[in-house]
Amino acid sequence: MTHFQNTLQNPVWHSLNETHQKFAVSYDEVVFYAPEICPFGAFTDATKTAEALTAYSKLTDSFFLVSEKDVPSYDETFVVLNQKMEGCQMVLKDLIEVEMTEAIVPLTEAHMQAIYDLIWLVMPGYYQRRTFDMGEYYGIFKDGKLVATSGQRMQTDGFIEVSGVVTHPEYTRRGFAKQLTVHATKEILKTGKHPILHTTKGNPAIGLYERLGFELTREMNWWYFNRK
């Protein structure tokens, strides 16, 4: 197994031990992003997660552990398992070209609140204002406002994750998500790294990503906890 293939099995862990190490909050064999950056953590030893979850819960009231197969342990005295969310991982095989009809704008810190508001409108729970610091973000503007985005989230030496692909409900069915996904993917390819993405199982967007050249590679579970 190559190092790249190994990173795909535990993407949050490898992100926080490689490119995003500066954002890491570590507890033995468990590591989290700083809560103002991203509410994600990962582990290599499930027997160590209970103590780590209790400690991290003092920093934020809700968060996720991400794993392919392993089941985290937790102390019900301090944290509650809100939900196990079944997701999947997709990896680019061959990017399919699409017609680009929209002006796609690189987003800056001046757009941070607009990105946050849009993503929380469409897909609440995953994005913090400073998630912006994890990578590059791109947008489409209509009627003077940001109506669609794509960006970069987890990163290692070998991959960058496409994320934050959302469109305002009033502006769907115009091909914005398709064009923004392709744009974000091309920008990752320029770095020499491999584009990947994650989504929930059964998400209708999976069909779009497959048409753009991404392949399903594995299941990836998101264990959603709350501080008690």
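Residue numbers count from 1 along this sequence. Below, each value reflects all heavy atoms present in this structure, side chains not excepted, and no hydrogens, waters or symmetry copies.
- Counting heavy atoms from C-beta outward, M85 and K201 have side chains that stay 4.5 Å or more apart.
- Side-chain N or O atoms of Q89 include one that pairs as donor or acceptor with a backbone N or O of L8 at under 3.5 Å.
- Hydrophobic clustering of Ile, Leu, Val, Met, Phe, Trp and Tyr side chains at less than 4.5 Å, counting indirect connections, keeps F4 apart from L189.
- Rounding to the nearest 0.5 angstrom, the gap separating the OG1 atom in T185 from the CG atom in L197 is 7.5 Å.
- P39 approaches G125 most closely through the heavy-atom pair CG-O, 4.0 Å.
- Contact detail for L118 and A148: the closest heavy-atom pair is CD2-N, 3.7 Å.
- Considering every non-hydrogen atom in both T199 and N203, the closest pair reads OG1-ND2, 2.7 Å.
- The distance from the CE atom of M220 to the SG atom of C88 is 9.5 Å, given to the nearest 0.5 Å.
- If you check the side chains of D143 and Y171, you find a donor sitting under 3.5 Å from an acceptor.
- Without hydrogens or angle criteria, Q179 side chain to E102 main chain gives a donor-acceptor distance under 3.5 Å.
- Just one residue in the list F64, Y33, F43, F63 forms a ring-ring contact (aromatic ring centres under 6.0 Å, His included) with Y56, and that residue is F63.
- Between H111 and F141, a ring centre-to-centre spacing shorter than 6.0 Å is recorded.
- Qualifying side chain to side chain contact (heavy atoms under 4.5 Å, CB included) partners for K48, counting only residues two or more places apart in sequence or in other chains: D28, E29, V30, D45.
- Between Y74 and F225, the distance from one ring center to the other falls under 6.0 angstrom.
- Between the side chains of H14 and Q155, no donor N or O sits under 3.5 Å from an acceptor N or O.
- The line from CG of D94 to CZ of F214 is 11.0 Å long, rounded to the nearest 0.5 Å.
- A heavy-atom distance below 4.5 Å is not found between the side chains of F78 and L53.
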Evaluate the criterion side chain to side chain contact (heavy atoms under 4.5 Å, CB included) for residue pair V91 and H194; output intermediate values, then yes/no.
CA-CA 8 Å; V91 178; H194 209 107; 3.5 Å; yes
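- V31 and V12 fall within a single hydrophobic cluster, where Ile, Leu, Val, Met, Phe, Trp and Tyr side chains are chained together by heavy-atom contacts under 4.5 Å.
- T181 contributes a side-chain N or O that, together with a main-chain N or O of A177, makes up a donor-acceptor pair within less than 3.5 Å.
- Residues T167 and V147 are not in side-chain contact: their nearest non-hydrogen atoms beyond the backbone lie 4.5 Å or more apart.
- Here the CD1-CG distance, from I104 to L180, works out to 4.5 Å after rounding to the nearest 0.5 Å.
- Side-chain contact check for S73 and T49: at least one donor-acceptor pair (N or O, by modelled atom type) lies under 3.5 Å.
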Go through it in stages, so that I can follow the logic: the residues are Y138 and Q152, the test is side chain to side chain contact (heavy atoms under 4.5 Å, CB included), and I'd like the CA-CA distance, side-chain angles, deciding distance and then a yes or no.
CA-CA 9 Å; Y138 316 98; Q152 302 171 358; 3.5 Å; yes
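- The minimum heavy-atom distance between F23 and D133, with the atom names listed, is CZ-O, 3.8 Å.
- With a 4.5 Å cut-off on side-chain heavy atoms, K178 and L208 count as touching.
- Nearest heavy-atom pair across L216 and M90 is CD2-CG, 3.6 Å.
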Side chain to side chain contact (heavy atoms under 4.5 Å, CB included), that's the test. Do T7 and Q5 meet it? Break it down for me.
CA-CA 5 Å; T7 64; Q5 291 170 327; over 6 Å; no
Output a table of donor-acceptor pairs, distance under 3.5 Å, between side-chain atoms of residues 156-163 and any protein atom two or more places apart or on a different chain; print 'none' if there are none.
unit_1	atom_1	unit_2	atom_2	d
T156	OG1	G158	N	3.0
T156	OG1	F159	N	3.0
E161	OE1	R153	NE	2.9
E161	OE1	M154	N	3.1
E161	OE2	R153	NH2	2.8
E161	OE2	H198	ND1	2.9
S163	OG	R153	NE	3.4

One pair to check against side chain to side chain contact (heavy atoms under 4.5 Å, CB included): F40 and F32. What are the steps and the verdict?
CA-CA 6 Å; F40 293 170; F32 291 90; over 6 Å; no
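- Hydrophobic cluster membership is shared by I115 and M134, with clusters built from Ile, Leu, Val, Met, Phe, Trp and Tyr side chains linked at under 4.5 angstrom.
- Both V66 and M123 sit in one connected hydrophobic cluster of ILVMFWY residues. Membership requires side-chain heavy atoms under 4.5 Å apart, directly or through other members.
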Between E210 and K93, is a salt bridge (Lys or Arg N to Asp or Glu O under 4.0 Å) present by the stated rule, with each step listed?
CA-CA 9 Å; E210 289 178 326; K93 182 180 180 183; over 6 Å; no
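- Q21 and N17 share no side-chain donor-acceptor pair at under 3.5 Å.
- Classification of K69 and E219 as a salt-bridged pair fails, no side-chain N sitting under 4.0 Å from a carboxylate O.
- In this structure, W13 CH2 and T44 OG1 are separated by 4.0 Å, a value rounded to the nearest 0.5 Å.
- Distance check: W120 CH2 to R129 CZ gives 9.0 Å after rounding to the nearest 0.5 Å.
- Considering only heavy atoms from C-beta on, Q128 stays 4.5 Å or farther from I37 through its side chain.
- Side chains of T60 and R227 form no contact here, defined as non-hydrogen atoms less than 4.5 Å apart.
- Residues K186 and L95 have side chains in contact (heavy-atom distance under 4.5 Å, counting atoms from C-beta outward).
- Using modelled atom types, one finds a donor on one side chain and an acceptor on the other under 3.5 Å when comparing W223 with S67.
- A donor-acceptor contact closer than 3.5 angstrom is absent between the side chains of E86 and T200.
- Proximity of Q113 to D117: side-chain heavy atoms (C-beta onward) are separated by under 4.5 Å at one or more points.
- Taking hydrophobic clusters as Ile, Leu, Val, Met, Phe, Trp and Tyr residues chained together by side-chain heavy-atom distances below 4.5 Å, Y224 does not share a cluster with L65.
- Across V165 and S150, no two heavy atoms sit closer than the pair CG2-CB, 4.0 Å.
- Between the side chain of S62 and the backbone N or O of N226 there is no donor-acceptor pair closer than 3.5 Å.
- The environment of CD in E51 is sparse: at most 12 heavy-atom neighbours from other residues, nucleotides or ligands sit within 6.0 Å.
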